[in-house]
Each structure stands twice: as structure tokens, then as C-alpha cells.
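All remarks here apply to the structure that follows.
All values below were derived from every heavy atom in this structure, side-chain atoms included, with hydrogens, water molecules and symmetry-related copies excluded. All of these numbers come straight from a predicted model, not from anything done at the bench.
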Amino acid sequence: MKTYGLLLRRRFEYSTEYVETYLVSRENGKDCPYGCSSDGENQYDREVPRHLIGLQLDGLGMYGFVSDFDQPTYIGHEVEYRNVFAIDAPKANRIARTLKRVLKAMHTFEAHEPGDRLVALASALKLSFVVEQVGTNRSGSYADNDWRFMSIFEGRDRFRQLIAEATAEVRQRKGLAA
């Protein structure tokens, strides 16, 4: 059975610290994550849990960065889709259905800070893990790298820690006191 979770990623690119989390799947307990279906989670894949059938998970995540304007601040922990290269009417409906479910959970949980929003996202979609790459990136393939799987609440704490580390590095680069 496929399980679904969130991949945490911190990267420095274009002189900006990014801290992101987005949906991934895990097949039959394998030791690496995989992407989600670009056609939406459908009833023809017997491995997809029933509660995710008909939702659009590919590209869904929270894509934030640390702003270095004035006082460094983490910005962009809204749930959104990225890198969705084509949208037809069925996909638009799946996206709307998925976002409605997630936004309802955000409201119910009164989730305002990034860690709480991660938990609300995971709860809305009944996600079962958070994963982070450990060590250096050996290739572009997920399977060729090492991964650390954790619970949703461990993932929340790690997400908060990554944001704090990225913010501290930006503050240090700007010469501001920690």
C-alpha cells in the first residue's frame, strides 16, 4: 500500500534561503520517497488510499523563503501548488477540492505559524510521515540518496528548526545580532 507524507527541504539558491515542504509518496515501506501522480490520485491505482482518491497531490506544498529585507523573516508558508505544467478542467476540480479540504483544516486547527500549518496539512490529507534527505545529494534520483523518515510531529519540529537555522544564517550574513 502506498503511503503519503511531506518532504522537507532547505536550499540556498539565487542568494536566498528556501525552506520548503511538499507532498511525496512511499511505496510499500521502501526506504526512499517518490513523487505523486501528475494525473491526480485515482481509483485505478489500487495502492492509493481511499481518502486520497480524486485529489490532486502533485505539486502541493508550502514553499517559503527567508526575506533578507530589513529584519530577516520567513515568508511564504501558505499551501499552494508549484510546477503544475498543464491544467485541464478535471485537474482544476481536483486542485480546488484538495485546497478546500486543506484550508478547512487550517481554519479548524487555527494554524498560523509554519509548523502548525504543516501539521494541519498532514491532518487534512491523513499523511503518515515526514522525510528529509540526509547527507550529500548523490544524484537526481530519490532512490540514490539517504533519507530520514519521521513522524508528523517530529517533522513539524524539524521544519521549525530548519526555518530558525535559515533565518539565523541570513541574520549572520547581514551582520545582525542573533
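The neighbour count for Lys126 NZ, taken as heavy atoms of other residues, nucleotides or ligands under 6.0 Å away, does not exceed 12. The number of heavy-atom neighbours closer than 6.0 Å to CD of Glu13, taken from other residues, nucleotides and ligands shown, is above 12.
Between Glu154 and Arg148 there is no salt bridge, since no side-chain N of the basic residue sits under 4.0 Å from a carboxylate O of the acidic one. Here Arg158 pairs with Glu165 in a salt bridge; the nearest charged N to carboxylate O distance falls below 4.0 Å.
Residues passing the side chain to side chain contact (heavy atoms under 4.5 Å, CB included) test with Thr108 are Lys104, sequence neighbours excluded. The side chain to side chain contact (heavy atoms under 4.5 Å, CB included) check on Gln172 picks up nothing, with sequence neighbours excluded.
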Exercise for review: Any chance you could lay out the side chain to side chain contact (heavy atoms under 4.5 Å, CB included) test for Leu23 and Leu6, step after step, and finish with the verdict?
Suggested key: CA-CA 5 Å; Leu23 270 86; Leu6 293 164; 3.6 Å; yes
**Study point:** Residues Glu132, Met150; criterion side chain to side chain contact (heavy atoms under 4.5 Å, CB included); working and verdict
**Key:** CA-CA 8 Å; Glu132 178 182 33; Met150 56 196 110; 3.8 Å; yes
**Study point:** Worked check of side chain to side chain contact (heavy atoms under 4.5 Å, CB included) between Phe159 and Arg156
**Key:** CA-CA 5 Å; Phe159 190 46; Arg156 172 200 60 197; 5.7 Å; no
Review point. Please walk me through it: do Asn93 and Gln56 pass side chain to side chain contact (heavy atoms under 4.5 Å, CB included)?
Key: CA-CA 9 Å; Asn93 287 331; Gln56 183 67 37; over 6 Å; no
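Here side chain to side chain donor-acceptor pair (under 3.5 Å) pairs that include residues 60-75, with residues two or more places apart or in two chains, are Gln71-Arg171. Listed by first and then second residue, the ring-ring contact (aromatic ring centres under 6.0 Å, His included) pairs that reach into residues 117-137 are Phe129-Phe149, sequence neighbours excluded. Identified under the side chain to side chain donor-acceptor pair (under 3.5 Å) test for residues 114-124, with sequence neighbours left out: Glu78-Arg117, Asp116-Arg160. Legend: ring-ring contact (aromatic ring centres under 6.0 Å, His included) pairs involving residues 94-125, not counting sequence neighbours: none detected.
Linking Ile, Leu, Val, Met, Phe, Trp and Tyr residues whenever their side-chain heavy atoms come within less than 4.5 Å leaves Ile75 and Tyr22 in two separate clusters. Under a hydrophobic-cluster definition in which Ile, Leu, Val, Met, Phe, Trp and Tyr are linked whenever side-chain heavy atoms come within less than 4.5 Å, directly or via other members, Ile152 and Met106 are assigned to the same cluster. Connection of Tyr81 to Tyr18 is not established within any shared hydrophobic cluster, with ILVMFWY side chains joined at heavy-atom distances below 4.5 Å, either directly or through further cluster members. Cluster annotation: Met62 is connected to Leu99 through the hydrophobic network of ILVMFWY side chains, with a link wherever side-chain heavy atoms come within less than 4.5 Å.
Here the closest non-hydrogen pair linking Leu176 and Pro72 is CD1-CD, 3.5 Å. A pairwise comparison of heavy atoms in Ser128 and Thr3 identifies OG-CB, 3.5 Å as the closest pair. Taking each heavy atom of Arg101 and Ala124 in turn, the nearest pair found is CD-O, 3.2 Å. Listed here is the closest heavy atom pair of Ala166 and Val66: CB-CG2, 3.8 Å. Residues Ser25 and Gly35 approach most closely at OG-O, 3.1 Å, considering heavy atoms.
Taken from CZ in Phe12 to CD in Glu169, the straight-line distance is 8.5 Å, to the nearest 0.5 Å. Of the inter-residue distances, the one linking Leu125 atom CG with Tyr4 atom OH reads 11.0 Å to the nearest 0.5 angstrom. To the nearest 0.5 Å, the span separating CD1 on Ile95 from CD1 on Ile87 amounts to 4.0 Å. The OH atom of Tyr34 sits 13.5 Å away from atom CG of Leu7, with the distance rounded to the nearest 0.5 Å. A distance of 12.0 Å separates CZ in Phe65 from CD in Glu17, rounded to the nearest 0.5 Å. Note that CG of Leu60 is 9.5 Å distant from CD of Glu80, once rounded to the nearest 0.5 Å.
Between Trp147 and Asp31 the shortest side-chain heavy-atom distance does not fall below 4.5 Å.
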